Amino acid sequence: MPESINPLEAARREKLRKIAEMGIDPWGGRFDNTQPIAAIRNRESEIVAVGAGDCHVGQPPEMHGPLVRAAGRIVLQRRAGKLMFLDLRDWTGQIQLLIGKSQVGEQNWQLAQQLDLGDIIGVDGELNRTRTGELSIFVSQLHFLTKSLEPPPEKYHGLQDPELRQRMRYLDLAYNEGVLQRFLKRTHIVQSVRQTLADHGFVEVEGPTLHAIAGGAAARPFITHHNALDIDLYLRIALELHLKRLLVGGLERVYELGRVYRNEGISPRHNPEFTMLEAYQAYGDYHTMMELTEQIVLQAIRAIGADPAQMQFAGQKLDFTAPFARRTYDEVFAEHTGVPADDPEAIRRYATQIGLETAGKHPDVIKSEVFEAKVEDALIGPVFVIDYPASICPLTKRKRHRPDIAERFELYVCGMEIANAYTELNDPDLQEELFSRQLEGLPEEQSMARMDRDFIRALRHGMPPAGGLGIGIDRLVMLLTDTPTIRDVILFPLLRPEAQ
RNA sequence: GGGGCUGUAGCUCAGUAGGUAGAGCAACGGACUUUUAAUCCGUAGGUCUCGGGUUCGAGUCCCGACAGCCUCACCA
């Protein structure tokens with residue numbers, strides 16, 4: 001349906017026609033027995049001198065390499081008369097192809113004249129080095145696999161416009177240095193997280209994403225509607241409450257790794273849908289979860305071939321050698337504000353000083369806002385900040401004999417909250433009271449503005465004491481791949497729809 | 001939602017005081033059997049995001065809209 005009169009596309013369609021005329025399907029088909037380009041490059045050592053004994057003194061020996069078959073996209077081309085050099089890329093690497101008119105024969109040469117940047121081809125040929133030493137496939141047979149009708153991005157700078165990079169992620173992946181590798185690393189990190197949890201005896205489950213009550217966090221939910229039941233439903237904002245029901249049901253080590261949705265602003269660290277891990281371990285506590293967190297992070301670093309002792313994020317050197325530092329909330333609070341953590345009046349004065357509104361707020365809320373404003377960014381870490389003010393932790397067990405302190409930690413690295421974990425509150429009466437207190441005076445739109453009575457009922461049936469852990473997978477991937485924006489670790493971040 | 005920045009050829013970017021738009025890459029034609037961001041000669045390619053306004057004249061100045069980025073707010 002070519003409605004475009006773009007001359008660049010027209011030229012490519014003309015070549016497409018010529019390929020078809022040659023009796024070749026320009027859209028290709030099954031092409032077996034290819035070797036990954038990275039694997040082909042590894043066979044360089046198989047290039048050896050043949051018949052070296054017959055060589056005249058002073059004459060270089062004739063080199064021969066293995067026959068190989070590769071497939072991929074043409075990303076660069078250099079034509080030199082009856083010889084052409086193409087750079088072929090697949091998802092493992094890139095290699096130069098050398099096509100000589102007299103070497104490939106008339107038919108192949110004619111086909112080669114119809115090649116454009118972006119086309120997908122397969123080749124058979126010998127792995128060898130050119131005169132200048134560049135490892136190359138000396139093509140003996142060309143296989144045309146797919147025509148690209150659109151011109152690729154600029155060959156040196158790639159696709160720079162951040163909007164186009166996100167809207168046309170396929171181009172970002174196909175042509176921009178390191179993008180595909182970064183997303184493959186994401187996959188390896190996620191696989192590693194699952195493996196570490198499996199190694200610790202956890203089972204993975206799939207909870208509902210459509211919730212009648214969006215609980216487990218305080219965020220505005222996305223609202224949708226079920227027609228047959230004629231009820232509004234919410235896309236889940238957390239995994240917590242259903243996983244805890246499963247603890248009640250006897251799944252002693254259980255986790256879910258999946259998407260949650262929060263109808264909030266978009267920023268370099270926030271996307272409306274993001275990937276969350278939550279894991280719950282019966283008979284554990286937040287210390288158990290710290291050890292698990294260390295294992296998950298360390299294994300993930302190893303899974304992408306990095307050295308835990310020499311990580312880097314945003315120019316900051318990081319050492320992930322376990323154990324990570326453990327500092328109490330009050331310690332880091334006092335250290336980075338110079339205000340005693342146990343002096344609400346001093347904290348209030350300080351908060352006012354730095355421009356925070358304090359009127360009518362609970363002292364712990366003020367403390368928490370000061371923490372976010374002044375302490376978080378200063379936490380390079382990795383550091384477990386432990387023992388939070390209880391009043392800002394409605395789902396957390398209190399410290400024995402210290403009802404004002406909750407057994408909670410957050411893992412901070414470079415000012416980013418990577419993990420959040422509790423010793424889980426399993427007292428149904430206290431849980432109900434905390435929910436009720438939280439509901440007081442909350443605006444209608446707040447997601448927690450409804451009591452999840454079934455969850456309380458589940459607790460009344462007995463939830464074993466447990467440790468629970470949440471990890472923001474996107475932020476973990478950002479951290480481990482040194483990527484400063486969440487948009488670049490999410491394949492298709494939310495954008496406004498393109499104007500039609 | 002507030003504030004700031006950006007939007008020019010398919011892509012990457014210039015654009016001088018306001019005077020009818022330039023380069024590189026890509027494309028097209030030509031030369032080249034060892035190039036590697038190949039090189040050399042030539043050709044073609046534009047609703048300057050969109051809509052108003054000021055002006056004899058707007059890519060440029062003003063207003064508005066749209067989109068993206070940064071930032072603040074929201075996000076226990």
Side-chain angles (χ1 to χ4, degrees), chain A residues 4-12 14-15 75-87 94-104 109 116-118 128-136 138 148-168 171 175-176 216-221 237-238 260-272 274 355 357 361-362 364-365 367-369 371-373 388-396 406 408 410 417 420 434 437-438 442-443 445-448 472 484-485 487 493 495-499:
Chain A
S4 166
I5 51 164
N6 183 330
L8 297 177
E9 183 179 343
R12 286 165 179 261
E14 175 60 16
K15 291 176 187 169
V75 292
L76 281 176
Q77 60 170 345
R78 298 170 289 284
R79 294 176 192 247
K82 299 181 180 66
L83 195 63
M84 58 194 288
F85 300 89
L86 304 177
D87 285 12
Q94 192 168 317
I95 195 166
Q96 175 171 273
L97 308 178
L98 187 151
I99 303 174
K101 183 178 185 185
S102 63
Q103 286 85 348
V104 296
W109 187 249
D116 282 305
L117 292 178
N128 213 325
R129 280 181 289 262
T130 62
R131 221 176 264 172
T132 55
E134 178 76 17
L135 188 67
S136 308
F138 288 68
S148 171
L149 294 174
E150 298 271 0
E154 212 266 349
K155 71 181 179 186
Y156 186 60
H157 300 91
L159 196 63
Q160 289 296 319
D161 185 328
E163 183 176 352
L164 296 183
R165 286 185 52 220
Q166 293 169 63
R167 285 198 196 282
M168 298 194 276
L171 291 182
Y175 293 103
N176 281 1
R220 288 222 300 277
I237 58 173
V260 298
Y261 307 84
R262 295 184 181 179
N263 205 340
E264 308 279 358
I266 298 174
S267 86
R269 290 183 182 183
H270 297 86
N271 193 62
F274 61 101
E357 182 58 56
K361 285 180 182 168
H362 187 285
D364 282 347
V365 172
K367 192 174 179 182
S368 164
E369 287 178 3
F371 187 91
E372 283 172 23
Y388 276 63
S391 55
I392 59 170
C393 308
L395 294 158
T396 311
R408 170 181 182 179
E410 292 195 357
E417 178 195 332
N420 181 18
L434 292 176
R437 202 179 299 164
Q438 195 172 27
L442 272 188
E445 80 228 28
Q446 289 271 350
S447 65
M448 291 285 285
T485 164
R487 284 184 288 266
L495 283 174
R496 274 188 197 279
E498 209 170 346

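Just so it is clear: chains get the letters A, B, ... in the order the sequence lines come, proteins before strands, and each one is counted from 1. Fair warning: this is a prediction, and the values are worked out from it, not measured in the lab.
- Taking atom NZ on A/K101 and atom C1' on B/U33, their separation rounds to 11 Å, with Å as the unit.
- Along RNA chain B, the nucleotide closest to A/P268 and the one closest to A/K82 are compared, and the more 5′ of them pairs with A/K82.
- Between B/U36, B/A38, B/A76, one nucleotide has an atom nearer to the side chain of A/T132 than all others, and that is B/U36.
- The side chain of A/K15 lies closest to B/A27, out of B/A76, B/A27, B/U36.
- Here the side chain of A/N263 pairs no donor or acceptor atom with the backbone of A/R220 at under 3.5 angstrom.
- One finds a side-chain N or O of A/R78 lying less than 4.0 angstrom from the OP1 or OP2 phosphate oxygen of B/A38.
- With hydrogens and angles ignored, no donor-acceptor pair closer than 3.5 Å exists between the side chain of A/S267 and the base of B/U71.
- With a 3.5 Å ceiling on both atom-pair distances, the Watson-Crick or G-U wobble partner of B/G7 is B/C66.
- Of the listed nucleotides (B/A38, B/A76, B/U34), B/A76 has the atom at the smallest distance from the side chain of A/P394.
- Contact between the side-chain N/O atoms of A/R487 and the OP1/OP2 oxygens of B/C69 is found at a separation under 4.0 Å.
- Across all strands shown, B/A31 forms a Watson-Crick or G-U wobble pair, both distances under 3.5 Å, with B/U39.
- Nucleotides B/A31 and B/C13 are separated by 35 Å at their P atoms, to the nearest Å.
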Assign a letter to each nucleotide of nucleotides 1-13 of chain B from its 5' end: B, base within under 4.0 Å of a protein heavy atom; S, sugar-phosphate only; -, no contact.
---------BBSS
